[in-house]
Amino acid sequence: MKKIIYVFTFFILGIVALNAQEKTNKIIVNTDLGEETINKNIYGHFAEHLGNCIYGGFWVGEESAIPNTRGIRNDVIEALKEIAPPVIRWPGGCFADYYHWKDGIGSRDKRPAMINSSWGGVTEDNSFGTHEFLDLCELLSAEPYLCINVGSGTVQEARDWVEYINSDNISPMTNLRKKNGREKPWNVKYWAVGNESWGCGGNMTPDYYADLYKRFSTFLMSGKLYRIASGGIDNDFNWTETILKKTQKYQHLIDGYSYHYYTVFPEWNNKGSATDFAEKEWFGTMQKTLAMESSLKTHIALMDEYDPKNNIGLIADEWGNWFNVEPETNPGFLYQQNTLRDAVTAALNLNIFNNHAKRVKMANIAQTINVLQAMLLTKDNQIVKTPTYYVFKMYKVHQNSTLLPLNISCEDYELDGIKLPGVSVSASKDAAGAVHISLANINPNKAVNIEIDLRGITSIADVKGEIITSPNMNDYNDFGISEKVNVSSFNDFDLNENNIEINVPSKSVITLEVK
Ligand code: AHR
């Protein structure tokens with residue numbers, strides 16, 4: 001009898017152990033249950049008059065020896081077209097709240113200069129203005145997203161800008177636009193009313209800003225506008241609640257609410273190097289990036305409370321890694337290199353935004369060229385595509401696809417007693433029915449074997465994979481050498497009827513396409 005009890009106990013323990021093992025490293029993707037669309041604008045960009053983002057990045061001028069189209073670099077246009085930028089935010093950032101748009105129109109040699117006081121105190125000659133930016137957006141088939149000067153501008157100036165850009169009627173502003181060479185309006189939809197109004201945008205209190213927001217947005221009238229209120233930063237829930245409360249009776253004036261979250265490790269006054277780091281900094285950057293999700297969820301919970309019908313979109317219009325500037329570069333120019341670590345954290349951020357697509361309607365990584373977590377770096381006539389660029393290229397399949405609900409259980413990545421979920425994932429189904437599953441393994445030392453169970457698919461016909469990884473966690477692409485971090489094809493997976501067993505290498509980002 002005792003023997004039978006022993007055998008039975010071992011049998012039960014065996015099943016429990018098996019179940020425990022089964023629970024680890026498994027993803028269930030519900031391919032037939034998607035409801036939300038991943039707004040393509042989640043893959044948006046941000047271009048500020050800061051350092052060499054605009055000048056030397058996008059703009060070299062028509063007279064430049066660098067090949068250009070009406071002053072905009074051809075290599076940049078070509079590279080960005082490959083990642084299909086859906087929307088670009090301009091002219092700032094902090095710059096927006098001291099930018100006077102009328103200084104940036106008309107004949108370039110007559111435009112007044114100004115000092116770019118937040119960013120290096122350099123002279124801004126205003127050669128890149130409204131027409132040049134909107135031309136850039138047309139060349140890239142991207143939607144423009146303009147940020148209005150609330151900090152040092154007037155309601156009239158803001159109203160004139162909207163009329164100049166969007167009106168088809170006869171008026172002094174539309175006549176001026178026509179005189180400056182543009183007959184038809186551009187019909188810009190996205191307008192932010194100030195930027196970081198709690199800080200560089202005017203150091204306002206949320207109460208004061210909420211009133212100002214209503215005043216400005218009341219008079220922005222030409223065309224069907226999507227008006228976005230300035231949010232607080234990171235975990236400033238009081239700012240969010242105040243703005244939502246005070247605009248609740250005026251929901252016809254507010255369409256979006258902005259949210260900024262920068263990944264900084266260990267802290268703002270002690271940021272690390274973009275390239276020279278060890279596992280401690282790798283881990284800290286992953287941890288800070290993942291922490292965005294709980295902050296985002298709390299903002300969303302407040303929005304659900306004040307806007308239960310989900311009319312107001314959360315617009316994450318500044319996000320990304322912020323490291324120390326590269327040695328011997330202007331500290332006000334925020335020029336940083338970009339490694340495999342940036343690729344992995346970009347994937348984490350984009351997975352988070354995808355998975356909250358019900359509320360997150362736009363996100364704009366900071367910034368497109370030569371500033372912070374950039375897509376591209378330029379030096380004279382050379383250009384570098386960063387690891388982050390390749391994540392945007394790989395992830396563009398999610399733009400306007402249907403978000404697929406999923407569950408994941410996976411082993412932790414642990415350092416110094418702190419545990420993080422080792423794998424991040426999001427999945428979507430495109431209009432042609434192809435399912436895309438994007439995974440990031442944040443562990444720099446260990447591959448993870450995962451079973452992906454595809455509920456709702458009876459028989460998988462074909463799977464293709466792409467991967468971004470590199471031998472070292474701080475590998476990066478640089479001028480004059482062949483690329484170290486790029487996208488390559490990936491096939492380390494086994495296919496069963498409706499599941500896939502995949503070996504996700506350490507420190508890698510993968511997208512599978514399942515048909
Ligand atoms: O992206 C750089 C700066 O960060 C922006 O100008 C500002 O909005 C934020 O603080």
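From a predicted model like this one, the values you see are computed outputs, not experimental measurements. Indexing begins at 1, ligand by ligand and atom by atom, following the structure's order. One-based numbering along the sequence shown.
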Give a yes or no on whether a salt bridge exists between R111 and D125, defined as a side-chain N under 4.0 angstrom from a carboxylate O. no
Under 3.5 Å, is there a donor-acceptor pair linking the side chains of [X] and [Y]?
X	Y	value
R177	N166	no
Y43	N354	yes
Y259	D234	no
H436	S428	no
R341	N474	no

With Y262 as reference, evaluate K271, K288, E318 under the side-chain hydrogen bond (donor to acceptor under 3.5 Å, both in side chains) test and give the passing residue. E318
Can you sort out which atoms of ligand 1 are near [X], meaning under 4.0 Å from one of its heavy atoms?
X	answer
Q367	1 (O), 2 (C)
L372	1 (O), 2 (C)
W119	3 (C), 6 (O)

What is the nearest protein non-hydrogen atom to [atom], stated with its residue, atom name and distance?
atom	value
atom 1 (O) of ligand 1	Y262 OH, 2.7 Å
atom 10 (O) of ligand 1	E196 OE1, 2.7 Å
atom 6 (O) of ligand 1	E48 OE1, 2.7 Å

Answer with yes or no whether F95 contacts ligand 1, where contact means a heavy atom under 4.0 Å from a ligand atom. no
Does any N/O atom on [X] come nearer than 3.5 Å to any N/O atom on ligand 1?
X	answer
E318	yes
W322	no
L334	no

Using a 6.0 Å distance limit plus a 45 degree cone around the ring axis, check whether R159 lies over the aromatic ring of F219. no
Should the proximity of N195 to ligand 1, defined as any heavy atom under 4.0 Å, be assigned to the side chain, the backbone, both, or neither? side chain
